[in-house]
Q: 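So that we are looking at the same thing, I have put the structure below in C-alpha cells.
Just so we're clear, the structure is a prediction, and the values are computed from it rather than from any experiment. We name chains A, B, ... by the order of the sequence lines, and we start the count at 1 in each one. Any value given below was found using the heavy atoms of this structure, including those in side chains, with hydrogens, waters and symmetry copies removed.
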Amino acid sequence: MDIFLYNSLTKQKEKFTPIEPSSIKMYVCGPTVYDEPHIGNARPVIVFDLLFRLLRHKYGNDKVNYVRNITDVDDKINKIALQKYPDLDINKAIGQITNKIETIYKDTAIKLGCLAPSKEPRATEHITEMINIIDSLIKNNKAYVSEGHVIFDINSYSNYGHLSNKSKEDLLAGARIEVATYKRDPLDFVLWKPSALNEPSWDSPWGRGRPGWHIECSAMSAKYLGKVFDIHGGGIDLAFPHHENEIAQSCSFNNNDKLASYFIHNGSLNIEGKKMSKSAGNVTLLTETLQSFHGSIVRLNMLRTHYRQPIDWTERSLEQTENVIRKWLSAEKDINTEFNEEVPTEVYESLFDDMNTPMAITHMHEYFNKQEYNKLYASLDFLGIDLKSFNDTLKKDKKIPQINEEAIQVLIEERNLARANKDYKKSDEIRNKLEIMGIRLKDMANGTAWEQIE
RNA sequence: GGCCACGUGGCCGAACGGUUAGGCGCGGGUCUGCAAAACCCUUUAAUCCGGUUCGACUCCGGACGUGGCCUCCA
C-alpha cells in the first residue's frame, strides 16, 4: 500500500516515493521557545507525529529520521528575557526562558500522545553551521553585507515565490512594512544581524551578531538530513516567508533546485471562530486545556478534522470528543486481550490517503457499533490515542478531596433502605442532597453506582 | 490590492458524478418507584446563479460570504 500526500510544491496529492526507502528523512519546524505553547502549536505536533507513525509503519521503526528543531534564538525571546529578568545577564536570562519553555513543550507533546522525534536540535548549538552557509552565500554572490547585516539577495534565486505561489510584484504590492535602508530589494531578508550589548551575540566574520530567522532550519536540516530530504513540514502560515526563504537560501547554498521532495502543511486553527492572537486575548494555552481535557481528547479532537482543513477549536467540540471517548471506553471490559487484533486494512487505507483521519474515525465508529472492539482499540492505538491512561485519570477524578467516599456510601445505603421500604420521598431527598454535593447516582442492576458531576 | 483555502442537516464533520457516511444534540421508546446510565428507533443537507452531463453536493464558470498569507505567528 502506498502513502499519498498533498504536496504544497505541486499543489496536488502525490504518491510518496522516498529518496532512499531504507532511510526516510522528515524535517518539521518546531517551536520558537519564547512563550508557553498554545493549542495552535499542538496541531503540527500531532499531525506530524501521525505522519511519523505512518512512515514508521510502512518503512520500519528504525528507518525514519524525524528531526524537529527548537528555535532558541529570536528577538521575541530577547524581549521577554529583558522584561522578565532585567538584572540577569542576557544569556542567562534567555537560558531561563528557553529551557523552561522547551521543557513544557516536550512534556505537553508527551501528554498529547506524541512519540519523541529522532532528533530535536537547538538553533544556538548550530551557529557555526549557519555562519558557514552565510559565508558561502556571500562568496557566491547570493548574499551581501550592508550596514553590518548580511542580506540574502532574492533576485539571485530565480525560483523565489514558487512554493507560496507568489510573484515578487504581488509581494511588493502587499508590503506593510517600511523597507529597511540596508536592503537592496524590499523582499531581501536578513541572514545575520549585529547585536547590541543587551542582545545575545556570537563572533562572526561580520562582527558580533546573531542569525536572522530561517537560516537555523537550513543549517539543521542539512546537518541531520542532508542537502535534499523527503518531507519538510510545518503550519501553512510558515509557507511564506519561512519555507520560501529556506528553499532560496538552501538551494543557493547547495547549488541545486530542491530542498525537500514534499512540503506538507497543516491548516490553521481558530478559537471559537476567531483567529487566535494575543491582542484578541483568546490565546488558549495547552497547559490550561490539558487541565480540563485529557491529552487523548485533545488529540482525537484535532484528528477529527483533516489536517489541511482549517479547524475551529471550540469547547463544544472538545466536549463532543470527550463523549465519544467515554463511549468507546465503556467497551473496554469487552476487549479480548488474549487476541491482539491487527489494525484493519481500511483504516490504513484511509490514513495512507493523505492522512484522512476523519475517514479512519468513521470506520472506528462502525467497529464500535458492530462491537468489533479489538479493531477499534487497535486503530486507536495506531492513532496514538491512549485510552488506558485516560481511564486512569477517570478513576483519579473520582477521588474528590472535599467529599468523603464512606459518607456517600452510607447515604446510598440509607437511600436503598428507604427504597426497599418504598419511602420514595426520603430516597429522593437523599439523592437530591447528593446531587447538590456534586454526586450523581445510577441505580444499576447490581447496585447503586455514583459519579461526580462535572 | 495580490495569492490561497473554505462555504454540507440544530451542531461537528467526511466520501462520492447516480446507491441514507459517521458522531454529538433533539425527539420518541425500552428499562427504572422516579431519575440517571445503558440500549433501541427516528428526523433533517449541500450559500446563490449559470454551464457540462442521461444524471451534480460532487466537474467548470460567476456572484456572495468566511477565513488565512502578503518579513520573523504553528
Q: Determine the interatomic distance between C1' on B:C57 and the same-named atom on B:G17; round to the nearest Å.
A: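 The same atom, C1', in both gives a distance of 10 Å.
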
Q: Quick one: salt bridge (charged side-chain N to carboxylate O under 4.0 Å, His left out) partners of A:R308, sequence neighbours excluded?
A: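 A:R308 satisfies salt bridge (charged side-chain N to carboxylate O under 4.0 Å, His left out) with A:D354 only.
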
Q: Roughly how many Å is it from NE2 in A:H306 to C1' in B:C6, rounded to a whole number?
A: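 Rounding to the nearest Å, NE2 of A:H306 and C1' of B:C6 are 13 Å apart.
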
Q: A:R308 near the nucleic acid: base, sugar-phosphate alone, or nothing, with a heavy-atom cut-off under 4.0 Å?
A: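 Nothing, no heavy atom under 4.0 Å.
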
Q: Name all residues meeting the side-chain hydrogen bond (donor to acceptor under 3.5 Å, both in side chains) criterion together with A:T289; count only those two or more places apart in sequence or in a different chain, and write none if there are none.
A: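 A:T289 satisfies side-chain hydrogen bond (donor to acceptor under 3.5 Å, both in side chains) with no residue once adjacent residues are dropped.
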
Q: If you only use heavy atoms from C-beta on, which nucleotide in B:C69, B:C72, B:A14 is closest to the side chain of A:K193?
A: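 Of the options given, the side chain of A:K193 lies nearest B:C72.
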
Q: Can you list the residues that meet the side-chain hydrogen bond (donor to acceptor under 3.5 Å, both in side chains) rule with A:D75, with sequence neighbours excluded?
A: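 side-chain hydrogen bond (donor to acceptor under 3.5 Å, both in side chains) list for A:D75, sorted by chain: A:N78, A:K193, A:R210.
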
Q: I need a per-nucleotide contact map over nucleotides 18-25 of chain B, read 5' to 3'. Cutoff is protein heavy atoms under 4.0 Å; write B for the base, S for backbone only, - otherwise.
A: ---BSBBS

Q: Please determine whether any donor N or O and acceptor N or O are separated by less than 3.5 Å between the side chain of A:D443 and the base of B:C34.
A: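 Pair found.
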
Q: Parallel, tilted or perpendicular: which describes the rings of A:Y367 and A:H363, with under 30° parallel and over 60° perpendicular?
A: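 Ring orientation, 0 to 90° scale: parallel.
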
Q: Got a sec, which residues hit ring-ring contact (aromatic ring centres under 6.0 Å, His included) with A:Y27, two or more places apart in sequence or on another chain?
A: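 Only A:H232 meet the ring-ring contact (aromatic ring centres under 6.0 Å, His included) criterion with A:Y27.
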
Q: Can you tell me the distance, in whole Å, between the NZ atom of A:K11 and the C1' atom of B:C3?
A: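 Checked: the NZ to C1' distance equals 10 Å.
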
Q: How far, in whole Å, is B:U47 from B:U58 if one measures between their C1' atoms?
A: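 Nearest-Å result for B:U58 against B:U47 at atom C1': 16 Å.
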
Q: Quantified in whole Å, what is the P atom distance between nucleotide B:C41 and nucleotide B:C24?
A: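 Per the computed distance, 13 Å lies between those P atoms.
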
Q: Can you list the residues that meet the side-chain hydrogen bond (donor to acceptor under 3.5 Å, both in side chains) rule with A:T10, with sequence neighbours excluded?
A: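 Testing A:T10 for side-chain hydrogen bond (donor to acceptor under 3.5 Å, both in side chains), a comparison that skips the adjacent residues, returns A:E14.
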
Q: In whole Å, what is the span from the CG atom of A:D237 to the P atom of B:U71?
A: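 Between P of B:U71 and CG of A:D237: 13 Å.
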
Q: What is the nucleic acid contact for A:H214, judged by heavy atoms within less than 4.0 Å: base, sugar-phosphate only, or nothing?
A: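 The answer is nothing, as A:H214 stays clear of every strand by at least 4.0 Å.
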
Q: Between A:D428 and A:R415, is the closest basic N to carboxylate O distance under 4.0 Å?
A: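 Not counted as a salt bridge, because no side-chain N and carboxylate O are separated by less than 4.0 Å.
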
Q: Would you please name every residue forming a side-chain hydrogen bond (donor to acceptor under 3.5 Å, both in side chains) with A:Y262, sequence neighbours left out?
A: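 Scan of A:Y262 (side-chain hydrogen bond (donor to acceptor under 3.5 Å, both in side chains), adjacent residues dropped) gives none.
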
Q: On RNA chain B, compare the nucleotides closest to A:P31 and A:F368; which residue's is nearer the 5' end?
A: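 Residue closer to the 5' terminus by nearest nucleotide: A:F368.
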
Q: Below 4.0 angstrom, N of the basic side chain to O of the carboxylate: do A:E244 and A:K166 qualify?
A: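 No, no charged N to carboxylate O under 4.0 Å.
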
Q: Which listed nucleotide (B:C70, B:C72, B:C34) is nearest to the side chain of A:R415?
A: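 Closest of the options to the side chain of A:R415: B:C34.
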
Q: I'd like to check the side chain to side chain contact (heavy atoms under 4.5 Å, CB included) partners of A:A378; sequence neighbours left out, ordered by chain and number.
A: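 Partners of A:A378 by the side chain to side chain contact (heavy atoms under 4.5 Å, CB included) criterion, ordered by chain and then number, come out as A:V343.
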
Q: Assign A:L238 to base, sugar-phosphate, or nothing according to its heavy-atom contacts below 4.0 angstrom with the strands shown.
A: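 Counting heavy atoms under 4.0 Å across all strands, the contact made by A:L238 is with sugar-phosphate only.
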
Q: Whole angstroms only, please: what is the CG-P distance between A:L163 and B:C3?
A: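 Checked: the CG to P distance equals 17 Å.
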
Q: How far, in whole Å, is B:A15 from B:G22 if one measures between their P atoms?
A: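 That atom pair is separated by 15 Å.
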
Q: How many whole angstroms separate atom OH of A:Y160 from atom C1' of B:C3?
A: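 From A:Y160 OH to B:C3 C1': 14 Å.
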
Q: Taking the cut-offs as 6.0 angstrom to the six-membered ring centre and 45 degrees off its axis, would you call A:R184 and A:Y144 a cation-pi pair?
A: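 Checked: cation-pi criterion met.
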
Q: Whole angstroms only, please: what is the NE2-P distance between A:H243 and B:C3?
A: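 Computing the A:H243:NE2 to B:C3:P distance gives 23 Å.
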
Q: Go through residues 424-431 of chain A and report each residue with a non-hydrogen atom lying under 4.0 Å from RNA chain B, sorted by number.
A: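 The stretch gives A:Y424, A:S427, A:D428, A:R431 as the residues lying under 4.0 Å from the strand, ordered by number.
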
Q: Take atom CG of A:D312 and atom P of B:U66, then tell me their distance rounded to the nearest Å.
A: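 Going from A:D312 (CG) to B:U66 (P), I get 15 Å.
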
Q: Of the nucleotides B:C4, B:C72, B:G68, which has the atom closest to the A:S268 side chain?
A: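 Nearest to the side chain of A:S268 among the choices is B:G68.
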
Q: What's A:Q309 touching, base or sugar-phosphate or nothing? Going by heavy atoms closer than 4.0 Å.
A: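 Sugar-phosphate: the residue A:Q309, judged by heavy atoms under 4.0 Å, touches backbone atoms but no base.
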
Q: If you find the nucleotide of RNA chain B closest to A:N266 and the one closest to A:S317, which residue's nucleotide is nearer the 5' end?
A: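 Mapping each residue to its closest nucleotide by heavy atoms, the 5'-most match is A:S317.
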
Q: Round to the nearest Å and state the distance from A:E244 atom CD to B:C3 atom P.
A: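 Checked: the CD to P distance equals 16 Å.
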
Q: Sequence neighbours excluded, which residues qualify as salt bridge (charged side-chain N to carboxylate O under 4.0 Å, His left out) partners of A:K15?
A: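 For A:K15 the salt bridge (charged side-chain N to carboxylate O under 4.0 Å, His left out) partners, ignoring immediate neighbours, are A:D2.
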
Q: Heavy atoms from C-beta onward define the side chain here; which of B:A5, B:U71, B:C70 lies closest to that of A:F189?
A: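 When the side chain of A:F189 is considered, B:U71 is the closest of B:A5, B:U71, B:C70.
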
Q: Over all strands shown, is A:I236 touching base, sugar-phosphate only, or nothing at heavy-atom distances under 4.0 angstrom?
A: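 No contact at all - A:I236 keeps every heavy atom at 4.0 Å or more from the nucleic acid.
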
Q: Using the P atom as the reference point in each nucleotide, state the distance between B:C48 and B:G65 in Å, no decimals.
A: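 Pairwise P distance, B:C48 against B:G65, rounds to 15 Å.
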
Q: Show, in sequence, the C-alpha distance, side-chain angles and deciding distance for A:W213 and A:H242, and conclude whether the ring-ring contact (aromatic ring centres under 6.0 Å, His included) test is met.
A: CA-CA 8 Å; A:W213 192 34; A:H242 186 54; 4.4 Å; yes

Q: Using a cut-off of 4.0 Å on non-hydrogen atoms, how would the nucleic acid contact of A:D188 be classed: base, sugar-phosphate, or nothing?
A: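 Result for A:D188 = base.
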
Q: For RNA chain B, what dot-bracket results from Watson-Crick or G-U pairs at under 3.5 Å, with [ ] for crossers and | for inter-strand partners?
A: (((((((..(((.....[...)))..((((.......)))).....(((((..]....))))))))))))....

Q: Please determine, for the side chain of A:T305, which listed nucleotide (B:C70, B:C72, B:A14) has the closest atom?
A: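 The answer is B:A14.
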
Q: Within the modelled atom types, does a donor on one side and an acceptor on the other bring the side chain of A:K166 and the base of B:C4 under 3.5 Å apart?
A: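 Check fails, no donor-acceptor contact within cut-off.
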
Q: What distance, rounded to whole Å, do you find between the two C1' atoms, one in B:C40 and one in B:C31?
A: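 B:C40 and B:C31 have their C1' atoms separated by 11 Å.
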
Q: Please report the distance separating the P of B:A21 from the corresponding atom of B:A14, rounded so that it comes out in whole Å.
A: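 The answer is 15 Å between these two P atoms.
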
Q: Can you name the residues that form a ring-ring contact (aromatic ring centres under 6.0 Å, His included) with A:H162, not counting sequence neighbours?
A: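 Result, ring-ring contact (aromatic ring centres under 6.0 Å, His included) vs A:H162: none returned.
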
Q: Can you tell me how far C1' in B:C16 sits from the matching atom in B:A56, rounded to whole Å?
A: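 It works out to 11 Å between them.
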
